[in-house]
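Counting convention: from 1, in listed order, for ligands and their atoms alike. Computed from a predicted model, the values in this text were never measured in an experiment. If you read the sequence from its start, that first residue is 1, and numbering goes on from there.
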Amino acid sequence: MEPQPVVRPLRLSDLPGLMDLVRAARWNQTQDDWRHILELEPEGAIGLEIGGRLACSATAICYGRDLAWIGMVLTLPEYRGRGFARRLMLAALDFIERRGVAWTKLDATDMGHHLYETLGFRDEQTVERWRREPFAGGEFVEAALGSELDAELDRAAFGADRSRLLDFFRRFEAASVAGGGFAMGRPGNAAAYFGPCVCRRPEVARVLLEWFLARHAQEPVYWDLLPANREAARMAEEYGFEKQRILARMARPSPGVSAPLEKHDALVFGLAGFEFG
Ligand SMILES: CC(C)(COP(=O)(O)OP(=O)(O)OC[C@H]1O[C@@H](n2cnc3c(N)ncnc32)[C@H](O)[C@@H]1OP(=O)(O)O)[C@@H](O)C(=O)NCCC(=O)NCCS
């Protein structure tokens, strides 16, 4: 008899299975990213197990009561098309509504887009992944910078309080220009990751990008950005990045919610990740 699928919370002992899911999709997340998600929002990290094997994952992180972010929706290739991702999405949305969070967003791949649309998500804008090859030219100077986090600026840019998330990222790499903005970076499976980067002016983003490239020019680098911020896309080209993927940022209001979330794309020079916002 075919074993029955079981939906259950993810836990640290799932790390090997979670990394199998990441590798099967050729995504960039590391074990540390998963640990981080499990630490940040353990109840929102949901898995589907079948016959003792982890077949599907989904994560929901709540940024206060304004916004929740869904990510890591992954099904092992041999289990696709059996409704597993839909089951986990419904469980994640149930968790978000129980928490009383007004809006839910996610960055959808082409493969996930239809599923999210049927669950009430609508396109908001596009998001892009840019990649820079190692040694793509340029000499970068690592300026002496601070590492303060401007939580107010981040909130204005993103539309919700991500300070718990940012506190975690600071454990990797962070730099700031007083009164101007900040950037962070972390390792990835396939490439070093530049972001989040939130700045009042493009000149500040340029200083922070150079700080990061001075440290990582010899590795491939990923930079996810909002093309709505034209300065960010222009800078990516100038610094030798190439556009690699386009995803759809989608948003869904919880029942009874109509007021939009205010955000300022012109301040967003780098995303925290498709799985984080
Ligand atoms: C996207 C993904 C998670 C779907 O997982 P799944 O368990 O196969 O999804 P489900 O079986 O629950 O199917 C959900 C819906 O998506 C549709 N769907 C599934 N795969 C699809 C594909 N390749 N192209 C278009 N639609 C697809 C299904 O038809 C279903 O719609 P329906 O219920 O109206 O028939 C899986 O394909 C995957 O892991 N892809 C790689 C990683 C990825 O892109 N994740 C999405 C991140 S936003």
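- Between Phe194 and Phe212, the two ring planes are tilted [angle within 30° to 60°].
- Ligand 1 has an N or O atom lying under 3.5 Å from an N or O atom of Gly81, backbone or side chain.
- Protein heavy atom at the shortest distance from atom 21 (C) of ligand 1 is Met111 O, 4.1 Å.
- The shortest separation from a heavy atom of Cys56 to ligand 1 is not under 4.0 Å, leaving the residue out of contact.
- Inclusion of Ala85 in the set of residues having an N or O under 3.5 Å from an N or O of ligand 1 is warranted.
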Could you check Arg245 against Asp107 for salt bridge (charged side-chain N to carboxylate O under 4.0 Å, His left out), going step by step and ending with a plain yes or no?
-> CA-CA 12 Å; Arg245 300 173 66 192; Asp107 290 337; over 6 Å; no

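- Between Thr109 and ligand 1, a contact under 3.5 Å exists for at least one N or O pair.
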Residues Glu133, Arg131; criterion salt bridge (charged side-chain N to carboxylate O under 4.0 Å, His left out); working and verdict | CA-CA 7 Å; Glu133 294 303 325; Arg131 175 190 160 101; 2.7 Å; yes

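- In this structure, Arg162 forms a cation-pi arrangement with Phe158, its terminal cationic atom sitting closer than 6.0 Å to the ring centre and no more than 45° off the ring axis.
- Under a cutoff of 6.0 Å and an axis angle of 45°, Arg129 and Tyr222 form a cation-pi pair.
- Not a single protein heavy atom sits closer than 4.0 Å to atom 29 (O) of ligand 1.
- Not a single protein heavy atom sits closer than 4.0 Å to atom 19 (C) of ligand 1.
- Distance CZ/Arg186 to CZ/Phe169: 3.5 Å, rounded to 0.5 Å.
- For Asp107, every heavy-atom contact with ligand 1 shorter than 4.0 Å involves the backbone, none the side chain.
- Counting only distance, with no hydrogens or angles, the side chain of Trp211 and the backbone of Ala174 share no donor-acceptor pair below 3.5 Å.
- Of the polar atoms of Tyr116, none of the N or O atoms is found under 3.5 Å from an N or O of ligand 1, judged by distance alone.
- Salt-bridge annotation for Glu43 and Arg8: absent, with no side-chain N of the basic residue lying under 4.0 Å from a carboxylate O of the acidic one.
- Of the N or O atoms in Val73, one or more lie within a sub-3.5 Å distance of an N or O in ligand 1.
- Scanning all protein heavy atoms for the shortest distance to atom 5 (O) of ligand 1 gives Thr75 OG1, 3.1 Å.
- Distance screen at 4.0 Å: atom 13 (O) of ligand 1 has no protein heavy-atom neighbour inside the cut-off.
- Residue Tyr79 has no N or O atom closer than 3.5 Å to an N or O atom of ligand 1.
- Atom CD of Gln244 sits about 15.0 Å away from atom CH2 of Trp223, to the nearest 0.5 Å.
- For the ligand labelled ligand 1, residue Phe274 lies outside the 4.0 Å heavy-atom shell.
- Using a 4.0 Å cut-off between a side-chain N of Lys or Arg and a carboxylate O of Asp or Glu, Glu128 and Lys243 qualify as a salt bridge.
- For Arg87, no heavy-atom contact with ligand 1 is shorter than 4.0 Å.
- For a threshold of 3.5 Å applied to N or O pairs, the pair formed by Arg86 and ligand 1 contains at least one separation below that value.
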